[in-house]
Amino acid sequence: MSAHTHTAQAKEPLLRMVRRDAVSSRKSWGIRAAAFLLSLVTGGIVILMLGHNPVSVYVSMVKGAWGSKTVIYETVKIAIPLLITAIGISFAFKMKFWNIGGEGQILVGAVAAGAFGLFTAHIFPKLPLVLLMMLAAIVAGGLYGLLPAVCKAKWGTNETLFTLMLNYIALAFIKYLMNGPWKAPGSSYPKIAMLVPGARLTKVLGVHWGWILALILVVAAYIYFNKTKQGYEIAVVGESNNTARYAGINVGKVFRRTMFISGALCGLVGMLQFAGSDYTITEGTAGGVGFTAITVAWLAKMNPYGMLVVSVFIAMLERGSNAIQTQFKIPASASDLLIGIILFFMLGCEFFISYRLIGRGKEEHHA
């Protein structure tokens, strides 16, 4: 046996992850159902260990999310930023550009909206003011997303680390504003002033109109991905940069254009959170949405309609976990663990459907 063969065998890993052949729709949904039931059983064991009836707790979670008009409004308010951020992130992820900077882009969008909302509300009527806040948030978030795309296209930088670090810069800037130039007058505590009631987003059916915008974006994103030249270019770049270049696609341009859109949608979320939900800007304005939205996008396999379902489901879990904390005195950490268990099983299930592990020396043709 040649030295080259020995080297090849030595370098071959013990286990390899390979993509499965297509799994039938019936089988894949069966796997998902089994994973969901298994997650409920596992969560039920945790609930039993805490001394509660799992069925009662799960029923309380559902009622806590859908049991009255008030809690339904709260569930929808949680779903709106999740859905729009997931759509924004999916633009980048579809071309395998790993935008982990949703949090920072949301915060930058909120600050840009705040620059108009907090300081020009006495100058502009409500409609022009809201449009200015929206435009500022979209542009600021887009430019913040554009920066890592430009650097990757020009110097081949690692977008995962780049976008992750930009989150901390945005967060530090919020802290600076809270303690410095934007600190609420007369406040001994570092905080930014509240948006005046006249500049806040109008409610439609009990929730600010961001939910209508989110539904429009679901349809628009689906059309963009599946029916336009730009969406086709994103798919080709996602398959292979070299193939895209061979096909005459300007990969750098696709990176820049798509990351601007990705960041712009996240920036829009910052404006909606500021003007429609929180009415101020804090370190918690993004509230982990930028990271949770990654889970939403992956579970939905980058399908905007799937993201709508998954974001509502996760919003239900989050709202329901708040209800069981109050009703059963379950600690916040335990209710978060329940959500984590369910999402872990669901993500694991999607991984199992898409990939499989094969041992060293095994052939890949067997599904």
Side-chain angles (χ1 to χ4, degrees), residues 19 22 25 79-102 105-106 109 131 134-154 159 163 209-272 290 293-294 296-312 350 354:
R19 185 173 285 279
S25 178
I80 292 167
L82 262 182
L83 175 56
I84 298 177
T85 306
I87 292 171
I89 285 173
S90 70
F91 271 83
F93 278 20
K94 266 185 169 286
M95 62 177 184
K96 298 209 168 41
F97 190 105
W98 309 118
N99 178 16
I100 315 297
Q105 291 149 20
I106 290 170
L131 291 174
M134 187 183 294
L135 182 62
I138 287 171
V139 171
L143 292 175
Y144 212 57
L146 182 62
L147 181 59
V150 169
C151 292
K152 183 178 177 71
K154 196 168 180 65
E159 73 276 8
T163 53
W209 51 258
W211 68 269
I212 299 174
L213 187 58
L215 293 177
I216 292 170
L217 287 171
V218 167
V219 178
Y222 181 84
I223 292 171
Y224 188 93
F225 289 146
N226 296 285
K227 307 292 183 183
T228 68
K229 177 190 172 188
Q230 290 81 4
Y232 170 75
E233 289 177 343
I234 289 173
V236 176
V237 170
E239 285 298 319
S240 167
N241 288 356
N242 290 332
T243 301
R245 290 189 184 97
Y246 184 77
I249 295 171
N250 185 330
V251 174
K253 182 181 177 182
V254 175
F255 278 157
R256 291 189 294 271
R257 179 182 65 217
T258 309
M259 270 304 292
F260 182 87
I261 295 172
S262 180
L265 289 173
C266 293
L268 174 62
V269 169
M271 177 267 179
L272 294 175
I294 295 171
V296 173
W298 274 113
L299 280 175
K301 296 190 172 181
M302 311 301 157
N303 183 309
Y305 294 110
M307 289 177 224
L308 173 59
V309 175
V310 175
S311 59
V312 170
E350 294 302 325
S354 301

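Numbering starts at 1 and runs along the sequence shown. Computation of the quantities below employed the complete heavy-atom set of this structure, encompassing side-chain atoms and omitting hydrogens, waters and symmetry-equivalent molecules.
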I249: which of V236, I234, T243, N241 passes side-chain contact (heavy atoms from CB on, under 4.5 Å): V236
Check whether any side-chain N or O of E159 sits under 3.5 Å from a backbone N or O of W98 as a donor-acceptor pair, and report yes or no. yes
L217 CG to I212 CD1 distance, which is reported to the nearest 0.5 Å: 12.0 Å
Any carboxylate oxygen within less than 4.0 angstrom of a Lys/Arg side-chain nitrogen, looking at R257 and E233? yes
List the steps and the verdict of side-chain contact (heavy atoms from CB on, under 4.5 Å) for F255 and V150. CA-CA 8 Å; F255 278 157; V150 169; over 6 Å; no
Pairwise distance OG(S90) to CZ(F225) - rounded to 0.5 angstrom: 3.5 Å
Heavy-atom closest pair (M259 atom, G145 atom, distance to 0.1 Å) is CE-O, 3.2 Å
Should we say atom CD of Q230 is surrounded by more than 12 heavy atoms from elsewhere, each under 6.0 Å from it? yes
With a 4.5 Å limit on heavy-atom distance, are the side chains of R245 and S240 in contact? no
Would you please say whether a donor-acceptor pair under 3.5 Å links the side chains of Q105 and N99? yes
Quick check: do I223 and V219 have side-chain heavy atoms less than 4.5 Å from each other? yes
Within a radius of less than 6.0 Å around NZ of K154, do more than 12 heavy atoms belonging to other residues, nucleotides or ligands occur? no
Could you report the tightest heavy-atom contact between L83 and P304, atom names first, then the distance? CD1-O, 4.4 Å
Could you state the interatomic distance from OG1 (T85) to CG (L272), rounded to the nearest 0.5 Å? 9.0 Å
Please report the shortest heavy-atom distance between A221 and I87, naming the atom on each side. CB-CG2, 3.7 Å
Nearest 0.5 Å, what's the CD1-CG distance between I84 and L213? 5.0 Å
Roughly how far apart are L147 CG and F260 CZ, rounded to 0.5 Å? 13.0 Å
Should the heavy atoms of other residues, nucleotides or ligands under 6.0 Å from NZ of K253 be counted, would the total exceed 12? no
Evaluate M302 against F93 for side-chain contact (heavy atoms from CB on, under 4.5 Å), listing each step before the verdict. CA-CA 8 Å; M302 311 301 157; F93 278 20; 3.8 Å; yes
When you look at F97 and F91, which way does the ring pair (Phe, Tyr, Trp, His ring centres under 6.0 Å) test go after all the steps? CA-CA 9 Å; F97 190 105; F91 271 83; over 10 Å; no
So, taking the atom named CG in L143 and the one named CD1 in I138, what distance separates them when rounded to the nearest 0.5 Å? 12.0 Å
Close side-chain approach of V309 and Y305, heavy atoms under 4.5 Å: no
For G290 and I106, which heavy atoms make the closest approach, and how far apart are they? N-CD1, 4.2 Å
Y232 atom OH, over 12 foreign heavy atoms within 6.0 Å: no
Main chain of T258, side chain of S262: is a donor-acceptor contact present, judged purely on distance under 3.5 Å? no
Please name the pair of heavy atoms, one in T163 and one in P148, separated by the smallest distance, quoted to 0.1 Å. CG2-CG, 3.7 Å
Search all heavy atoms of T228 against all heavy atoms of G231 and return the closest pair with its distance. OG1-N, 3.0 Å
With a 4.5 Å heavy-atom cut-off, do L268 and M134 have their side chains touching? yes
